[in-house]
2 protein chains.
Amino acid sequence: MAKKKVALGLDIGGTTTTYGFVDAQGEILFEAQMQTRSKEHVTAYLPRLYKALDAAFAQVAEQAECIGIGIGAPNANYFRGTVENPPNLNWGGVVNLSELVYNQYQLPVAITNDANAAALGELKFGAARGMKNFILITLGTGLGSGIVVNGELVYGHSGFAGEMGHLIVNSNGRICGDGRRGCLEAYVSVTGIRRTVSKLLADSLAPSELRNVGQDDLSGERIAQAALNGDKIALEAFEYTGRILGQKLADTVLITSPEAVILFGGLANSKDLIFEPTLRHLERNLFGPFRGTVKLMISELQEKNAAVLGAAGLIWHEMEKKAVD
Amino acid sequence: MAKKKVALGLDIGGTTTTYGFVDAQGEILFEAQMQTRSKEHVTAYLPRLYKALDAAFAQVAEQAECIGIGIGAPNANYFRGTVENPPNLNWGGVVNLSELVYNQYQLPVAITNDANAAALGELKFGAARGMKNFILITLGTGLGSGIVVNGELVYGHSGFAGEMGHLIVNSNGRICGDGRRGCLEAYVSVTGIRRTVSKLLADSLAPSELRNVGQDDLSGERIAQAALNGDKIALEAFEYTGRILGQKLADTVLITSPEAVILFGGLANSKDLIFEPTLRHLERNLFGPFRGTVKLMISELQEKNAAVLGAAGLIWHEMEKKAVD
């Protein structure tokens with residue numbers, strides 16, 4: 001019997017590196033994890049990675065043939081194949097990870113950041129199947145985005161296109177991790193809604209179950225639970241977050257006119273608590289001709305598999321483009 | 001001798017309809033104009049148009065063969081081939097202009113709005129030759145934009161993508177023609193800078209040669225002339241306009257990461273008066289990885305030919321896509 005064609009998806013996060021083999025239908029044949037060890041230099045990280053991947057290849061060697069390796073990594077540049085000074089990895093400058101991994105395995109390699117990979121995962125295996133124009137937004141510690149136009153991911157001239165987390169909400173607003181003021185991710189992300197809760201707790205005297213929780217312990221789930229309990233501060237925090245996201249989406253829709261905006265991760269799991277105000281403020285702020293043209297959807301990828309499906313989706317997408325060219 | 005292949009470019013403005021034949025290198029073989037008569041119904045307009053075009057075809061019939069017709073028109077939808085309720089034409093609802101013109105001439109027809117056509121004119125014949133990712137902005141009565149990603153114009157799911165004139169600068173700001181508040185074109189356009197001059201004349205007691213000019217008579221050229229004379233109000237108006245444009249461009253660059261932003265029309269002709277503050281505020285507001293990646297350029301199309309070159313560029317671009325497919 002012919003071996004099944006699979007792609008290796010590799011997602012490098014600040015804490016965990018996840019890898020697995022994914023076939024063209026999104027079935028995962030094998031998946032495993034190792035610690036990233038963010039303080040380790042890349043020259044120490046790579047031998048550990050190769051050892052882990054070698055073991056993974058051995059696991060599927062009899063049943064599957066690997067067509068290529070897709071990598072999702074922070075500050076990854078698709079054009080250059082590089083990981084460039086990621087703030088959460090001590091890799092020492094610019095690393096041409098694509099070339100290094102290619103030299104190790106002699107397989108086609110493509111790399112992009114995790115939000116772009118998530119968009120391709122959604123396009124190939126998830127909620128965006130068959131769509132030509134959509135935006136994927138990840139709502140985790142920060143806000144990441146991957147934008148698809150005419151069926152292709154938008155990398156732009158610099159290779160860094162699709163950084164919606166740094167859209168400016170208010171140029172006199174909250175300090176963001178990049179040192180600027182008022183970035184969208186300082187408001188719309190798990191970190192952002194946590195800051196909003198703190199602000200509301202400061203401004204208001206309303207009783208709230210969140211007054212007993214330290215800011216660092218305020219997870220998206222905890223705030224969502226309070227909102228479901230009817231806590232006014234928590235409900236207002238979701239309304240505020242959805243309002244800002246809806247307003248900035250209304251601007252973004254003018255640029256690429258997506259069929260759908262798909263929310264993924266941490267805060268997206270709060271479902272209607274975040275979807276209802278976001279959609280309401282999106283529609284309210286949309287320029288007339290765009291009203292009713294945009295769906296707001298939740299990711300169809302399981303969170304535990306999304307990173308590997310995204311990275312695998314990237315290389316599947318590349319191989320299909322090559323087949324057409 | 002074989003006849004030269006040309007495209008018919010047709011631009012329908014509120015006042016003037018311009019048409020002409022353009023070869024693949026952007027050489028114009030014939031160009032003429034007729035009045036649009038904005039109060040006329042489309043059923044009266046079209047017979048006049050066909051008569052004018054018939055005469056134009058007759059002019060070039062011996063030397064040229066027409067490969068198709070590109071149309072730039074207000075509120076045009078590329079996908080549907082329609083002109084939909086343009087505010088400045090009394091055409092009565094939704095008109096399938098593509099189909100009507102095709103039935104008349106049996107030639108391939110494509111239609112889009114004038115800013116999108118201008119972007120394709122720039123791509124095929126102007127400052128964007130060879131670029132894969134750029135943004136064209138027209139600064140006339142309003143602010144129009146055409147966005148190119150991966151070498152293709154972005155129409156988006158709705159067909160209306162690229163409406164940067166309606167990005168929100170300030171949700172409590174100036175009333176816009178569409179009834180919303182704080183749209184970019186209420187600040188950045190000939191109309192916008194004129195309003196800014198009025199505001200500055202109200203707020204300040206500084207002497208200004210513009211205090212003798214009625215608001216309706218304040219053309220971009222008049223304000224530019226005052227600025228070149230050292231008029232403080234006029235200089236401040238350009239600074240203010242460039243700041244707002246630069247700030248909103250910094251947001252837009254995060255989405256599609258263009259190689260260049262190309263300014264065209266009325267206000268763009270003020271050259272450094274508008275370019276210098278726009279670029280300064282763009283760079284100042286850009287998210288780190290994008291700094292220094294975007295050129296700010298002036299259109300290379302002559303204003304008098306740009307409408308026909310844009311409309312012809314649209315159909316040339318379509319025919320080349322078909323040749324590849």
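Chain letters run A, B, ... following the sequence lines, proteins first and then strands; every chain starts at 1.
- Proximity to chain B (any heavy atom under 4.5 Å) is restricted, for A:Phe290, to the side chain, taken from C-beta onward.
- When the candidates B:Val253, B:Asn85, B:Asn133, B:Asn75 are compared by the number of heavy-atom contacts under 4.5 Å with chain A, B:Asn133 comes out ahead.
- Only the side chain of B:Ile147 has a heavy atom closer than 4.5 Å to any heavy atom of chain A.
- For a residue to count as touching a neighbouring chain, one of its non-hydrogen atoms must lie under 4.5 Å from one of that chain's; by this rule A:Asp251 touches chain B with backbone and side chain alike.
- Ranked by heavy-atom pairs shorter than 4.5 Å toward chain B, the options A:Thr252, A:Ile135, A:Val149 are led by A:Val149.
- Side-chain contact between A:Met164 and B:Ile255 is present, with at least one heavy-atom pair separated by less than 4.5 Å.
- To the nearest 0.5 Å, atoms CG (A:Leu254) and OG (B:Ser145) are separated by 8.5 Å.
- With values rounded to the nearest 0.5 angstrom, B:Asn150 atom CG is found 9.5 Å from A:Tyr155 atom OH.
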Under the criterion side-chain contact (heavy atoms from CB on, under 4.5 Å), I'd like the reasoning laid out for A:Thr256 against B:His157: C-alpha separation, chi angles, the key distance, then a yes or no.
CA-CA 8 Å; A:Thr256 66; B:His157 182 62; over 6 Å; no
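- Highest contact tally toward chain B, considering only A:Val154, A:Val294, A:Leu184, is held by A:Val154 [criterion: heavy-atom pairs under 4.5 Å].
- The structure places NZ of A:Lys248 at 8.5 Å from CG of B:Leu167, a figure rounded to the nearest 0.5 Å.
- In this structure, the portions of A:Ile168 lying under 4.5 Å from any heavy atom of chain B include both its backbone and its side chain.
- The two atoms that bring A:Phe287 and B:Arg180 nearest to each other are N-NH1, 3.4 Å, heavy atoms only.
- Under a 3.5 Å cut-off, the side chain of A:Ser257 and the backbone N or O of B:Ser158 do form a donor-acceptor pair.
- In this structure, chain B has a heavy atom under 4.5 Å from the backbone of A:Pro258, while its side chain stays farther away.
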